[in-house]
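A note on names: the letters A, B, ... follow the listed sequences, proteins ahead of strands, and every chain is numbered from 1.
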Amino acid sequence: MIVETEAYAPDDPASHSYGGRTRRNVTMFGPPARLYVYRSYGVHWCANVVCAEEGVGAAVLLRALEPTHGLGRMRERRRLDDPTLLCAGPGRLAQALGLTGEHNGLRLDRAPFELIRGGPVEVVAGTRIGITRGADRAWRYALSGSSYVSRPRPRA
DNA sequence: GTATTGATCTTCT
DNA sequence: GAAGATCAATACA
């Protein structure tokens with residue numbers, strides 16, 4: 001269950017799509033409902049959902065999940081037992097799900113992916129994390145009260 | 001509990 | 001050559 005996300009827009013200085021296409025971010029400018037995976041700090045993979053029409057360049061970064069299925073495989077990939085740390089952060093999430101650059105550009109509405117609509121939830125907004133530009137936009141969204149988010153108390 | 005650092009990819013200066 | 005949508009290990013208070 002997705003419990004934490006951040007939004008990135010083309011007119012947003014913190015976004016990879018700011019300033020146009022590069023070899024890395026072409027997926028962001030492609031059709032929506034695809035996965036944009038990029039390498040972060042040379043070490044981690046981070047996964048986004050492309051969520052604007054082709055050519056726009058907007059996406060939502062998946063920052064944290066509450067693991068509900070496949071805990072065993074997540075633990076194998078992460079070499080870690082604590083379920084609250086398995087997917088608490090974009091790099092950890094990608095590692096737990098086994099996402100890499102191979103999955104960049106794949107459709108999320110067919111195998112091996114499946115998105116399931118959840119019930120109504122209470123969401124809190126706060127400032128985004130780990131960025132220096134565009135930090136004033138409160139575009140981080142977290143499930144209220146969840147203990148699986150990467151930072152417990154989003155600052156508004 | 002906070003602070004610092006190494007990992008070393010991609011983009012930009 | 002530097003910085004960045006990060007994490008984990010280590011060093012301190």
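- Side-chain proximity of A:Thr132 to C:dT6, C:dA8, C:dG4: nearest is C:dG4.
- Going from atom CD of A:Glu4 over to atom P of C:dA5 covers 16 Å, rounded to whole Å.
- Between the side chains of A:Arg77 and A:Gln95, no donor-acceptor pair is found at a separation under 3.5 Å.
- Side chain of A:Asn48 to main chain of A:Ala59: no donor-acceptor pair is present (N/O by atom type, distance under 3.5 Å, no hydrogens or angles).
- At C:dA5, none of the side-chain N or O atoms of A:Ser40 fall inside 4.0 Å of OP1 or OP2 (strictly under the cut-off).
- Following rounding to the nearest Å, A:His44 (NE2) and C:dA9 (C1') show an atom-to-atom distance of 12 Å.
- Side-chain N/O atoms of A:Asn104 and A:Thr27 include a donor and acceptor closer than 3.5 Å.
- If you take CZ of A:Arg92 and C1' of C:dA5, they are 15 Å apart, rounded to a whole angstrom.
- Of the candidate nucleotides C:dA5, B:dT11, C:dG4, C:dA5 has the atom nearest to the side chain of A:Asn48.
- The side chain of A:Arg63 approaches C:dT6 more closely than any other nucleotide in the set C:dT6, B:dT11, C:dC7.
- Atom-to-atom, CZ of A:Arg77 to P of C:dC7 comes out at 17 Å; the value is rounded to the nearest Å.
- For C:dA5, its base sits under 3.5 Å from the side chain of A:Tyr38 at one donor and acceptor pair at least.
- Distance noted for atom C1' between C:dA8 and B:dT10: 22 Å (whole Å).
- Closest approach to the A:Pro90 side chain among C:dT6, C:dA8, B:dC12 is made by C:dT6 (side chain taken as heavy atoms from C-beta onward).
- Within the 4.0 angstrom heavy-atom criterion, only backbone atoms of the sugar-phosphate kind lie near A:Ile131; the bases stay farther away.
- Atom CD1 of A:Ile129 is separated from atom P of C:dG4 by 16 Å (rounded to the nearest Å).
- Summarising the geometry, the separation between CZ on A:Arg39 and C1' on B:dT10 is reported as 10 Å, rounded to the nearest angstrom.
- Pairing partner, C:dA11: B:dT2, with both Watson-Crick or wobble hydrogen-bond distances short of 3.5 Å.
- Checking A:Ser150 against A:Glu4 by side-chain atom types alone, a donor-acceptor pair falls below 3.5 Å.
- Atom pair A:Tyr18:OH and C:dA3:C1' shows a separation of 16 Å (rounding to whole Å applied).
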Kindly determine whether A:Asp11 and A:Arg137 satisfy salt bridge (Lys or Arg N to Asp or Glu O under 4.0 Å), including the steps that lead there. CA-CA 12 Å; A:Asp11 67 344; A:Arg137 305 192 188 198; 3.5 Å; yes
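- Residue A:Arg78 is in sugar-phosphate contact alone, with no base atom involved, counting any heavy-atom pair closer than 4.0 Å across all strands shown.
- Taking the P atom of each, C:dA3 and B:dT4 are spaced 16 Å apart, rounded to whole Å.
- Remark: the separation of the P atoms in C:dA5 and B:dT13 is 14 Å, to the nearest Å.
- Of the possible donor and acceptor atoms, none in the side chain of A:Arg140 sits under 3.5 Å from a partner among the backbone N and O of A:Thr127.
- Position along DNA chain C of the nearest nucleotide to A:Ala59 versus A:Leu80 favours A:Ala59 as the more 5'-ward residue.
- With rounding to whole Å, A:His16 atom NE2 is found 7 Å from C:dG4 atom C1'.
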